[in-house]
Amino acid sequence: MAEGMAGRQVSETHGMYVRRATGLVREVSPSNALWFNVLTAVPGLGLGVSVFYVFGTYPGGHIDAAYLLIGLIGVAIALPFALLSMTMPRSGADYILVSRSLHPALGLASSVTLFAAIMIAEAFFAATFVSVGIVPAFTTIGLITGHSTWITIAADVSSKNWTFALGVAIAAVALAVQALRLRVAMRIMIGLFFAGMLGMLVAAIVMAFTSQATFAAHFNDVAGSGAFQKLVAAGHNQGVSPPGTSWSHTVPALAALSGFFGFAWWSSNYGGEIQRARTWRTPAIMVGSVGIMVLIYLVFTLAIFHMTGTRFFAASNALNGTSSWPLSVGPFWPVLAGIGSKNSVLTFFLTFTFLLWFPLVICENAAQPTRALFAWSFDGLLPRQVAEVNERIGVPIVAIGITFIGIVIATAWAVYSSNFYTVLATTTLMLIVPMLFVSVSALLLPLTKPDIWRNSPVPGKAVGIPIISLAGAAGLAASGFIFWIFWAYPGLALPRHNTAIALIVLIGGAIIAYFVALLVQRQRGVDISLNYAEIPPE
Amino acid sequence: VRLFYASDVHGSEVCWRKFLNAARFYRADALVMGGDLIGKAVVPIWLSGPEEGRVTWAGTTTTVAGGQAIGELEASIRNAGFYPARLAAEEREGIESEEASLVALFEETVRREFSRWLEIADEKLADSGVPVYVIAGNDDPWFIDELIDSSDVLSLCDERRVKVDGHEMISLSYSNPTPWQSPRELPEGELLARIRALADQLSAPDTAIFNLHVPPYGSGLDLAPILDEDFRPVTHLGQVESGPVGSTAVRDAIERYQPMLGLHGHIHESRAIATLGKTVVINPGSEYTSGRIHGAVVETRNGSLKRRQLVVG
């Protein structure tokens with residue numbers, strides 16, 4: 001209730017004559033939605049993982065071109081989400097979009113697959129908070145300040161029990177943020193994002209103003225005399241190609257980057273809560289998000305290249321983990337920037353802001369499972385209690401609690417079991433499943449739900465084809481291409497057999513679960529198929 | 001008996017059509033509309049010729065030419081919950097120069113467009129035998145009641161006790177006071193008096209239906225952002241404050257009479273089912289601008305409620 005006018009009964013507003021009447025307030029502003037989408041690129045971790053990982057496995061790729069190409073792919077993936085969200089501005093992302101336009105069982109299949117992937121990814125980030133976050137951070141501080149206590153602490157917390165305890169603690173903090181009012185939670189997430197980005201900005205400035213010779217000298221101070229030159233020579237001797245020399249190695253980089261650039265549609269999880277969601281602002285927000293992601297990654301990568309030189313950079317990634325790499329910590333960007341600055345305070349600041357990315361990514365990812373549980377419950381697929389919203393803060397508190405318990409169990413699995421990382425590799429394809437489903441939904445909407453399409457804000461055609469179908473085709477081509485890369489490039493470590501089984505179990509299981517829920521609820525006198533049915537207006 | 005209940009369609013013609021079709025779609029024996037039928041804005045199409053005009057719609061100003069293009073534009077405006085009005089360009093200054101002209105234009109447009117809705121209802125349900133119980137809501141002007149009452153298909157039931165297949169139903173279009181000073185608002189005391197006057201006519205309150213536009217206070221059906229005097233959401237420490245804005249009178253009446261069912265609307269964003277003592281209270285919410293109608297399917301058997309389900313069609 002808002003949007004009214006005081007005093008006058010009728011007045012002129014934006015070319016319309018508007019009478020005094022009650023209205024509706026949506027909580028999320030377009031700018032918040034934009035930054036919410038940008039933070040799915042989690043640059044702090046993306047640049048720590050994707051750029052390094054890709055150079056280690058497929059050296060020589062054109063990383064700058066890869067950013068631009070993945071930007072186009074990210075836009076193509078986001079467009080079907082955007083146009084369907086304009087048509088059906090409701091919270092629940094792929095579940096709502098697919099179930100309302102294709103079939104509810106397929107909506108559930110899409111959503112369950114994404115849910116499983118996100119829960120595993122959440123456990124991964126919680127479990128690696130220590131190994132990729134705290135340990136490198138503390139080790140770097142120890143190396144730069146010369147205080148070995150930091151390195152000792154880093155070694156101590158590397159134990160499985162500490163890893164589990166700290167992982168659960170950071171997940172608890174992240175889920176506590178999700179349990180706040182949406183607007184507050186979003187502000188905290190965006191606040192964390194900008195704090196993390198401030199660290200990256202400082203790092204980028206350090207790297208941009210540190211010459212290669214200075215960096216080499218600092219590196220040798222930390223890693224031993226001539227360590228920089230030895231590493232570059234070792235890379236050369238082992239045939240490690242510097243970046244920008246191989247187009248065939250650029251293709252797998254796209255797949256690795258898709259995990260960070262393919263989610264510019266994440267705000268559709270809150271589709272019903274975003275202001276002016278039925279306007280072209282929705283796709284503009286998503287396209288704008290991709291543009292900002294590309295810019296951040298590009299500028300930061302160029303800054304790293306400027307400081308370290310491309311040959312050192314390629315060698316450090318290819319030889320990390322071998323005897324040729326002279327440090328006890330991997331070549332993550334805070335490590336390199338800290339060495340470049342060789343300043344204790346600055347290193348402390350860079351590593352601290354780097355750690356902020358972990359609660360941020362867990363919190364931002366948790367939007368999907370909590371909203372999905374809520375939506376399934378609301379549609380009668382889960383007990384009604386799951387959708388209970390706390391009256392005071394307006395948050396689905398039960399759904400958040402279930403999500404947290406799931407993350408704790410998955411984190412225990414990740415820390416204490418040896419087969420977790422085999423399963424983790426399968427999630428890369430699971431994450432693409434909702435993109436494929438939503439693309440097909442947009443492609444077929446004019447056929448499957450012609451009334452919804454005609455009444456949508458995008459009923460137009462281009463070259464005789466509905467615009468929404470064109471967006472669906474583009475999304476299908478883009479997400480299908482990424483799917484193919486993962487499947488075709490063995491270096492991306494996808495266990496094909498396990499992945500095929502996982503997809504069949506998840507998609508098939510969800511379809512069966514829908515029909516079981518349909519039968520169970522029918523016996524109670526509730527027809528859940530009515531939740532998805534469109535009444536013909538004519 | 002199976003009922004389909006919806007509310008707050010606010011001028012969306014596609015939602016009105018879906019409401020009327022809901023009887024067949026959900027195999028409902030009766031339809032109940034809980035108020036706020038009228039749209040909030042008139043979109044003028046300034047005609048420079050018989051089939052050419054300028055319009056500002058969805059944030060852009062364009063020229064539309066040709067009868068078919070204007071017709072499609074009008075349909076799109078109607079489905080979004082607004083009223084198109086073809087006006088001569090030279091009338092513009094006169095209309096906008098004084099509020100009385102705007103008010104007159106609004107009433108004339110609403111009457112014309114609502115008459116279309118009555119014709120649509122006639123076409124769809126004249127021979128169906130499905131009763132359609134309709135009340136206005138706090139946002140609706142009073143002249144709407146005459147139009148509803150003139151229909152052969154719709155049954156105006158505001159401030160009346162009617163029988164819905166064995167269940168008595170009382171209805172009220174008023175709300176408690178809102179910041180907008182809409183046409184039908186009453187202080188809580190007067191609201192309670194009116195509800196009690198109706199409820200006292202019931203022979204079996206425990207099997208009755210209370211069709212009251214405004215939801216009961218603090219029931220979970222009435223959560224909305226708190227607004228300041230400029231209609232802006234009140235924020236505290238950066239968060240929008242929300243709270244119950246329903247009617248204490250409605251809650252008092254439900255707790256006192258304990259009817260079988262309470263049907264409510266008014267707060268679009270507070271879609272929920274709850275219980276107050278023995279009474280099940282429902283607010284299906286509204287998203288009329290999306291062209292999707294939010295509703296509730298309720299089924300009774302042997303005088304008690306057997307099924308209640310929120311649906312979006």
Side-chain angles (χ1 to χ4, degrees), chain A residues 1-6 8-27 87-90 100 180-184 187 272 278-280 378 380 384 389 391-394 451-452 454-457 459 524-528 530-538, chain B residues 10 14 17-18 21-22 25-26 36 40-44 55-59 61 79 82 96 99 102-103 105-106 138-139 178-182 220 223-225 227 229-233 237-240 242 245 266-269 287 289-293 297 299 306-307 309-313:
Chain A
M1 295 180 37
E3 277 185 322
M5 31 177 259
R8 294 166 66 97
Q9 279 185 280
V10 181
S11 68
E12 193 274 338
T13 307
H14 302 304
M16 296 190 293
Y17 300 137
V18 184
R19 74 187 173 100
R20 192 164 60 204
T22 50
L24 175 74
V25 165
R26 293 177 192 271
E27 283 209 359
T87 305
M88 294 175 262
R90 295 183 57 193
R100 269 61 179 176
L180 297 170
R181 285 193 62 92
L182 174 60
R183 198 178 168 104
V184 184
R187 284 193 175 186
R278 274 177 67 81
T279 69
W280 284 96
F378 214 87
R384 260 189 305 147
V389 173
E391 280 187 22
R392 198 173 62 81
I393 55 175
D451 292 324
I452 294 182
R454 272 195 292 270
N455 289 309
S456 78
R524 295 174 182 165
V526 175
D527 183 355
I528 60 171
L530 297 181
N531 295 336
Y532 310 91
E534 168 88 359
I535 305 173
E538 299 309 328
Chain B
H10 284 288
V14 68
R17 288 175 180 275
K18 288 179 173 183
N21 284 350
F25 192 77
Y26 296 118
D36 278 0
K40 297 176 183 179
V42 169
V43 180
V55 64
T56 302
W57 174 236
T61 303
N79 288 341
F82 301 109
E96 293 185 356
E99 195 191 0
L102 279 176
V103 172
L105 169 68
F106 219 104
N138 68 299
D139 267 343
T178 75
W180 292 275
Q181 299 164 11
S182 53
L223 282 171
L227 304 176
E229 53 200 27
D230 295 323
F231 304 101
R232 294 201 179 101
L237 295 175
Q239 62 177 301
V240 173
S242 75
V245 295
H266 189 50
I267 310 297
H268 303 176
E269 55 271 61
E287 270 188 293
T289 55
S290 70
R292 306 271 282 171
I293 188 165
V297 176
E299 201 170 303
K306 288 294 170 204
R307 171 185 169 192
Q309 183 179 0
L310 297 178
V311 291
V312 184

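Lettering of chains follows the sequences in order, A, B, ..., and the numbering in each one begins at 1.
With sequence neighbours excluded, the residues forming a salt bridge (Lys or Arg N to Asp or Glu O under 4.0 Å) with B/Arg17 are A/Glu538, B/Glu13, listed by chain and number.
Proximity to chain A (any heavy atom under 4.5 Å) is shown, for B/Leu310, by both the backbone and the side chain.
Your options are A/Leu530, A/Ile528, A/Ile535, and the one with the most heavy-atom pairs under 4.5 Å with chain B is A/Ile535.
Rounding to the nearest 0.5 angstrom, the gap separating the CZ atom in B/Arg307 from the CG atom in A/Asp527 is 6.0 Å.
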